[in-house]
Amino acid sequence: MLEPVLSINHLQVSIRSRDGSMNEVTKDVTLELRDHEFVSVVGPSGSGKTTLLRAASGLRMPSGGEVLFEGRPVTEVPKGMAIVFQEYNKSLFPWLTIGKNVAIGAKEYPQPERVTRVEEALEQVGLKGFSTRYPWELSGGMQQRAALARAMVSNPKVLMMDEPFASVDALTRNHLEDVVQRLWAESNFSALMVTHDVGEAVYLSDRVFVLSARPSTILAEIKIDLPRPRSHLETKQMHRFVELQAEVLERVEEAGRESVGLPDDL
Amino acid sequence: MTSTQNVATAEQKSRFYSFSLGWLGLLALILLWQLAAILINKTIFPSFTTSIVAALHLITGPIFETDILPSIERTLEGFLISAVIGIAVGMLVGHYKSARSWTTSVFDFLRSLPTPLLVPVAVVIFGLNGHMVVATIVSGAIWPILINTANGTSTIEPTMIDTAKTYGLKGRSLFLRVVLPAASPQIFAGLRIALSVSLVIMVVAEMLGGGSGIGYFIANAQQSFNINGSYGGVIILAALGWIFDTSFLMLERRILSWQRGTVGGSANA
Ligand SMILES: Nc1ncnc2c1ncn2[C@@H]1O[C@H](COP(=O)(O)OP(=O)(O)O)[C@@H](O)[C@H]1O
Ligand SMILES: [Mg+2]
């Protein structure tokens with residue numbers, strides 16, 4: 001079998017809290033992301049999804065375990081990995097136009113190829129002609145699409161997404177999900193998305209992992225055998241979709257029940 | 001788009017009003033000065049018009065090259081040195097938590113030293129000259145810049161730094177291309193304070209031992225009862241302060257023009 005693009009092995013992350021004590025956020029997470037696969041990790045808010053994603057992408061040193069990207073240990077964000085953050089309004093640089101923001105992802109390419117790449121990426125996410133606008137001139141959904149364009153323009157092997165649709169309204173979310181689905185289908189990157197939204201995880205993924213409450217471990221792995229391409233109208237009405245969604249939801253609720261009674265040091 | 005245009009016009013209107021109100025206030029002050037001068041003995045308190053004439057005299061005379069220009073140069077030099085050091089150190093201190101903890105008390109101590117007390121020290125090191133004035137300016141003007149820069153840097157959204165690292169911006173390019181622009185609103189606030197502080201310290205330092213300059217000239221004029229001359233010097237200082245501040249604001253508005261729409265509303269989903 002092909003070597004996985006990204007493997008997370010027994011990842012453990014502890015964070016020093018303000019009083020100096022160590023707070024174990026991620027206890028033991030192991031998962032693999034195979035070539036051109038779409039994998040989601042679902043967990044309730046505060047279960048350590050962002051922490052997991054940051055450690056898996058080299059933005060934070062894990063306290064235990066290892067992360068391999070194309071077989072090599074990850075110590076900083078590797079070339080070939082792009083990240084889309086939940087807070088698009090803090091992720092786009094407000095002093096740069098949309099075009100220049102996207103160009104940051106394209107700095108590997110020499111001019112004038114860079115300009116063409118940026119224009120293409122903007123067109124891919126439906127932002128053709130917005131290159132000279134500033135982020136604040138765009139709606140939230142458009143800003144997140146710009147962030148997607150910046151990720152896509154670097155032609156990544158792995159796209160990491162931290163609740164990429166959590167901060168937009170429901171209709172925009174459906175639209176953005178389909179933008180991501182189309183980009184993933186048209187390109188050959190693998191996607192790892194963390195989210196608290198079960199429906200969204202099932203709708204987009206090949207496999208869904210359920211995260212336990214903090215300190216988090218993987219509770220379950222559920223294979224999503226829905227046909228592709230998927231659409232909100234048809235896929236979500238399928239019996240199989242409803243079944244899978246219920247299965248994931250059940251495991252997530254188990255995770256929630258387990259955490260009841262545990263002290264919460266938030 | 002229409003709403004942004006409305007905001008812009010409202011902003012322009014209020015700017016216009018505060019602008020004209022400012023001028024009205026200034027006019028009132030000048031009238032008061034003129035009135036007071038008529039009531040008080042003119043030889044110890046020259047009127048506004050007399051002072052203006054004296055100032056024009058100074059500007060067109062030899063004093064311009066021997067004292068006014070050197071003062072401007074020292075002020076700008078001190079300000080620029082403060083800006084470079086203050087911004088660089090401020091970004092490092094603000095970015096690295098570990099640096100912040102051990103520098104805070106040192107900086108708090110240093111910046112609480114009153115500037116006039118530093119003049120004799122600077123005189124011993126540099127002598128009675130322009131270098132002493134510049135050094136004294138730096139010792140005072142660096143703090144508002146450093147502290148504002150450190151504050152602006154430490155409050156940058158972590159997501160922004162994560163984004164920078166994701167796209168391989170690290171080391172110097174992280175600081176120059178992300179930290180510097182992200183903290184620039186606060187940096188500019190600090191720079192503006194530092195510019196007026198530079199002007200004040202320039203005068204004080206020159207009065208206490210500059211060997212030349214507007215401060216030196218004013219101190220001399222006062223001691224030799226050249227009352228009109230000293231008031232002319234004060235008018236020149238006020239004009240310089242106004243020119244510096246106005247030019248600075250124009251530059252700031254240009255450089256921070258991207259900020260226009262971001263204040264208080266970038267998260268309109
Ligand atoms: N920088 C940090 N400093 C201290 N504690 C943190 C930090 N980041 C995260 N945590 C802790 O980790 C927990 C999980 O956070 P996070 O990974 O953001 O969860 P999620 O993304 O699932 O909502 C938080 O509840 C918090 O207690
Ligand atoms: Mg999170």
Side-chain angles (χ1 to χ4, degrees), chain A residues 16 50 53-54 57-60 76-97 100-108 133-144 147 150-151 153-154 156 159-160 162 165-173 176, chain B residues 1-8 11 95 97-98 100-101 152-188 251-269:
Chain A
R16 189 179 294 280
T50 300
L53 193 103
R54 292 186 76 243
S57 51
L59 285 170
R60 153 174 275 287
E76 53 179 16
V77 184
K79 275 205 179 78
M81 181 186 281
I83 309 175
V84 171
F85 298 92
Q86 174 176 358
E87 295 158 307
Y88 50 79
N89 56 333
K90 290 164 189 166
S91 164
L92 293 173
F93 299 133
W95 58 90
L96 295 180
T97 59
K100 287 190 174 145
N101 262 291
V102 175
I104 288 174
K107 63 182 167 44
E108 302 283 314
R133 300 293 186 84
Y134 280 90
W136 59 268
E137 296 181 273
L138 271 58
S139 72
M142 287 159 97
Q143 288 180 33
Q144 191 60 300
R150 182 177 57 191
V153 81
S154 63
L159 178 66
M160 310 283 262
D162 185 2
F165 320 115
S167 307
V168 296
D169 63 84
L171 279 181
T172 310
R173 184 178 318 157
L176 280 175
Chain B
M1 277 298 83
T2 349
S3 70
T4 18
Q5 270 159 13
N6 286 341
V7 170
E11 190 187 308
H95 187 71
K97 265 191 206 135
S98 48
R100 211 153 50 235
S101 49
T153 303
S154 65
T155 52
I156 294 176
E157 288 295 339
T159 302
M160 213 170 257
I161 302 294
D162 278 357
T163 304
K165 289 183 176 163
T166 301
Y167 294 101
L169 296 169
K170 50 192 167 183
R172 202 195 327 198
S173 57
L174 174 70
F175 280 101
L176 292 181
R177 295 181 56 190
V178 180
V179 175
L180 187 65
S184 59
Q186 275 106 318
I187 294 178
F188 269 96
L251 187 75
E252 175 180 310
R253 212 164 284 155
R254 265 189 91 94
I255 295 179
L256 296 186
S257 61
W258 57 267
Q259 235 200 338
R260 208 162 287 224
T262 61
V263 183
S266 53
N268 48 338

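Lettering follows sequence order; numbering is per chain, from 1.
- Summarising the geometry, atom OG1 belonging to B/T166 is positioned 9.5 Å from atom CE belonging to A/M160; distances are rounded to the nearest 0.5 Å.
- Here the closest non-hydrogen pair linking B/Y167 and A/A151 is OH-CA, 3.4 Å.
- Taking each heavy atom of A/W95 and B/V178 in turn, the nearest pair found is CH2-O, 3.5 Å.
- In the displayed structure, B/R177 atom CZ is contacted under 6.0 Å by at most 12 heavy atoms of other residues, nucleotides or ligands.
- When each of A/V84, A/L59, A/T97 is scored by its heavy-atom pairs under 4.5 Å with chain B, the top score falls to A/L59.
- Within the 4.5 angstrom heavy-atom criterion, no atom of A/L96 approaches chain B.
- Taking OH of A/Y134 as the start and CD of B/Q259 as the end, the distance is 12.0 Å to the nearest 0.5 Å.
- Atom CG of B/L169 is separated from atom NZ of A/K107 by 5.5 Å, given to the nearest 0.5 angstrom.
- Inter-residue side-chain proximity for A/Y88 and B/T159 is flagged as unmet; no heavy-atom pair is nearer than 4.5 Å.
- For a residue to count as touching a neighbouring chain, one of its non-hydrogen atoms must lie under 4.5 Å from one of that chain's; by this rule A/E76 touches chain B with the side chain only.
- The structure places CD1 of A/I83 at 11.0 Å from NZ of B/K165, a figure rounded to the nearest 0.5 Å.
- Heavy atoms closer than 4.5 Å to chain B are found nowhere in A/R60, neither backbone nor side chain.
- Using a 4.5 Å cut-off on side-chain heavy atoms (C-beta onward), B/M160 and A/P94 make contact.
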